[in-house]
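Within every chain, numbering begins at 1; the chains are lettered A, B, ... in the order of the sequence lines, protein sequences first and strands thereafter.
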There are 2 protein chains.
Amino acid sequence: MSAENKSPATRRHKKRTNDPEGMRKRVLDVAEASFQARGYHASSIGDLMAAAGVTGGALHHHFPTKKALALAVIEERVAAAVEETWIAPMQAAGSAREGVRTVFEAVATELERQGFVRGCQLNNLAHELSLADPDFRIALAGIFAAWRQAIADKVGADQQAGGEQGTDAQRFAALAVATYSGAMSMAKTAQDAGVLRDCLNALEQGASPTSRSGAKRRRRVLLAPRSL
Amino acid sequence: MSAENKSPATRRHKKRTNDPEGMRKRVLDVAEASFQARGYHASSIGDLMAAAGVTGGALHHHFPTKKALALAVIEERVAAAVEETWIAPMQAAGSAREGVRTVFEAVATELERQGFVRGCQLNNLAHELSLADPDFRIALAGIFAAWRQAIADKVGADQQAGGEQGTDAQRFAALAVATYSGAMSMAKTAQDAGVLRDCLNALEQGASPTSRSGAKRRRRVLLAPRSL
DNA sequence: GACAAAACAGGACAACCGGTCTGTTTTAAA
DNA sequence: TTTAAAACAGACCGGTTGTCCTGTTTTGTC
């Protein structure tokens with residue numbers, strides 16, 4: 001099966017192209033996709049090798065253990081995904097609330113377009129790996145913290161611009177992240193992205209009672225009387 | 001305790017107490033705990049057998065496959081956990097918002113008492129198994145639906161009592177469940193239940209923007225949701 | 001008591017997992 | 001050119017996985 005490359009310029013057939021960066025990227029691509037679709041434990045390195053078209057020697061050269069591979073996926077790919085879909089749009093938004101709405105709607109639209117819901121990469125791995133290994137947990141917690149901080153920073157910017165005076169930035173950020181994460185969890189389980197819009201609407205409508213127009217809006221709630 | 005020597009023969013037999021219900025319960029107990037602590041794929045049936053003190057034959061008699069065992073855990077234990085910690089307290093609460101607050105605080109207090117966060121059983125399994133098998137996904141989706149419905153029903157009851165007139169029951173329920181699920185996800189990853197209180201406070205403070213004057217509330221999402 | 005079915009014991013097994021090992025090729029510095 | 005290290009190939013191995021199988025004991029029914 002040789003005698004394929006008989007170009008006179010090439011004296012010997014180099015059937016191997018050393019491309020460490022490219023090979024590493026291919027492995028990370030496949031691992032990222034498989035971890036998302038099947039999870040960490042359900043993804044065998046044999047499957048990953050076959051899907052990426054790499055040999056065991058090559059894979060173990062770049063990632064000595066499966067844990068190292070997962071850690072690389074978390075630190076490089078999952079963090080980048082959160083950066084791309086949340087942090088950057090949030091910084092580019094006109095306000096924190098506008099940014100949250102934009103991301104929710106963009107994700108919902110994208111999910112409806114592609115027809116099925118794979119879930120949030122960060123939450124998927126966080127649930128499976130947080131208790132499995134402290135290194136995993138710390139890496140994942142860092143991404144959550146950066147995500148929340150980006151939203152809180154935007155609220156802080158809004159406040160310096162005169163808005164959001166009654167808002168606690170950290171709490172608002174926690175609520176936004178929690179709502180998104182939980183909504184994605186339900187969307188994945190129900191295979192229906194509609195719950196994302198439900199949550200966004202409920203969030204924007206305000207969670208405080210009777211915060212509708214017409215009457216004086218009373219915030220700060222705390223239910224008044226004990227009915228019943 | 002009664003008759004050890006029921007047989008006149010001197011050959012010793014292992015005294016075996018046939019207790020199908022008890023053995024089944026023991027297996028479910030161990031499986032529920034292990035799935036919660038380590039997840040489905042990371043829990044081997046060998047470990048479960050050892051922890052429950054049952055043999056392979058016994059386990060296989062009650063649960064032919066690992067999938068059947070997990071399905072039983074989901075339908076019997078996870079559903080019961082949601083019923084106990086959410087649905088029943090919600091029905092017993094004075095109002096929907098009061099019920100949500102009560103549950104959030106109760107869970108946060110309990111987590112702080114025991115010192116670490118194992119996460120929400122439903123969400124843990126939902127993330128790992130929703131895409132793994134349609135049977136898993138449907139069973140888990142049903143629990144999510146019942147959970148949301150219990151909250152929505154309470155909002156409906158509040159509305160019939162004169163309150164919550166401006167609230168969309170379904171959306172409110174989705175938001176409550178999403179917030180709890182997402183907050184638990186962060187709490188598990190950070191091993192800190194404080195985010196539960198942050199989210200609850202943000203929820204009660206109201207997420208509606210302060211500066212928005214004209215409440216242009218839209219009733220329905222326009223995008224026609226594609227099936228799936 | 002007879003007897004079929006349920007309940008349980010425990011070994012066996014093939015497939016698979018993650019990791020290691022040795023060897024070969026490519027690269028780049030000296 | 002020499003040479004050491006990096007990059008890659010591919011076989012190999014011990015342990016584990018989930019499941020199946022045969023056999024034994026208990027239970028319920030007549």
Side-chain angles (χ1 to χ4, degrees), chain A residues 1-2 5 10-28 30-31 34-35 38-73 128-129 132-133 136, chain B residues 1-9 11-28 30-31 34-35 38-73 128-129 132-133 135-136:
Chain A
M1 62 184 288
S2 61
N5 193 353
T10 54
R11 40 192 168 212
R12 294 195 61 111
H13 51 286
K14 315 162 68 167
K15 52 161 70 170
R16 203 166 88 185
T17 312
N18 273 21
D19 181 20
E21 294 180 3
M23 174 160 299
R24 188 185 142 92
K25 179 185 182 302
R26 250 182 301 153
V27 173
L28 283 177
V30 168
S34 184
F35 289 169
R38 272 162 280 186
Y40 172 79
H41 287 103
S43 298
S44 73
I45 59 173
D47 294 340
L48 300 181
M49 281 164 45
V54 301
T55 62
L59 194 149
H60 282 87
H61 176 72
H62 292 281
F63 308 100
T65 63
K66 190 182 181 183
K67 172 182 172 178
L69 172 58
L71 227 38
V73 168
E128 190 178 1
L129 300 181
D133 191 294
F136 285 148
Chain B
M1 323 304 179
S2 57
E4 308 176 15
N5 50 1
K6 71 180 287 186
S7 171
R11 56 183 178 186
R12 58 189 62 195
H13 294 269
K14 307 160 202 155
K15 53 177 181 179
R16 190 215 291 177
T17 45
N18 274 19
D19 181 17
E21 294 180 4
M23 174 161 296
R24 187 185 145 91
K25 178 185 182 304
R26 249 182 301 150
V27 173
L28 283 177
V30 168
S34 184
F35 288 169
R38 272 162 285 186
Y40 173 80
H41 287 104
S43 298
S44 75
I45 60 172
D47 295 339
L48 300 181
M49 281 164 46
V54 302
T55 62
L59 194 147
H60 183 259
H61 176 72
H62 291 281
F63 307 100
T65 63
K66 190 182 182 184
K67 172 182 172 179
L69 173 57
L71 227 37
V73 168
E128 191 178 0
L129 300 181
D133 192 293
D135 295 329
F136 285 149

Partner set under ring pair (Phe, Tyr, Trp, His ring centres under 6.0 Å) for A:Phe63, not counting sequence neighbours: none

With sequence neighbours excluded, residues passing ring pair (Phe, Tyr, Trp, His ring centres under 6.0 Å) with B:Phe35: B:Tyr40

Side chain B:Glu128, main chain A:Glu128, donor-acceptor under 3.5 Å: no

Donor-acceptor pair, side chain of A:His60 and main chain of A:Gly56, under 3.5 angstrom: yes

Tabulate protein N/O versus nucleotide N/O from nucleotides 5-8 of chain D, keeping only pairs under 3.5 Å, one per line.
residue : atom : partner : partner atom : Å
D:dA7   : OP2  : A:His61 : NE2          : 2.6
D:dA7   : O5'  : A:His61 : NE2          : 3.4
D:dA7   : O4'  : A:Asn18 : ND2          : 3.4
D:dA7   : N3   : A:Arg16 : NH2          : 3.0
D:dC8   : OP1  : A:Asp19 : N            : 2.7
D:dC8   : OP1  : A:Asp19 : O            : 3.4
D:dC8   : OP1  : A:Pro20 : N            : 3.4
D:dC8   : OP2  : A:His62 : NE2          : 2.7
D:dC8   : O2   : A:Arg16 : NH1          : 3.3

Rounded interatomic separation in angstrom, taking CZ from A:Arg38 and P from C:dC17: 11 Å

Distance, rounded to the nearest Å, where B:His60 contributes NE2 and C:dA12 contributes C1': 14 Å

Neighbours of DNA chain D within residues 40-51 of chain A, by heavy-atom distance under 4.0 Å: none

Could you pull out the closest heavy-atom pair between [X] and [Y], with the gap in Å?
{"X": "B:Leu71", "Y": "B:Asp135", "result": "CD1-O, 4.0 Å"}
{"X": "A:Ser43", "Y": "A:Lys66", "result": "O-NZ, 2.8 Å"}
{"X": "B:Met23", "Y": "B:Ala58", "result": "SD-CB, 3.2 Å"}
{"X": "B:Pro20", "Y": "B:His62", "result": "O-CE1, 3.4 Å"}
{"X": "B:Val27", "Y": "B:Ala52", "result": "CA-CB, 4.3 Å"}

Summary of salt bridge (charged side-chain N to carboxylate O under 4.0 Å, His left out) pairs that have at least one residue in residues 46-56 of chain A, sequence neighbours excluded: none

Axial bend angle, the helix from C:dG1-D:dC30 to C:dA30-D:dT1: five-pair end segments, nearest 10°: 10°

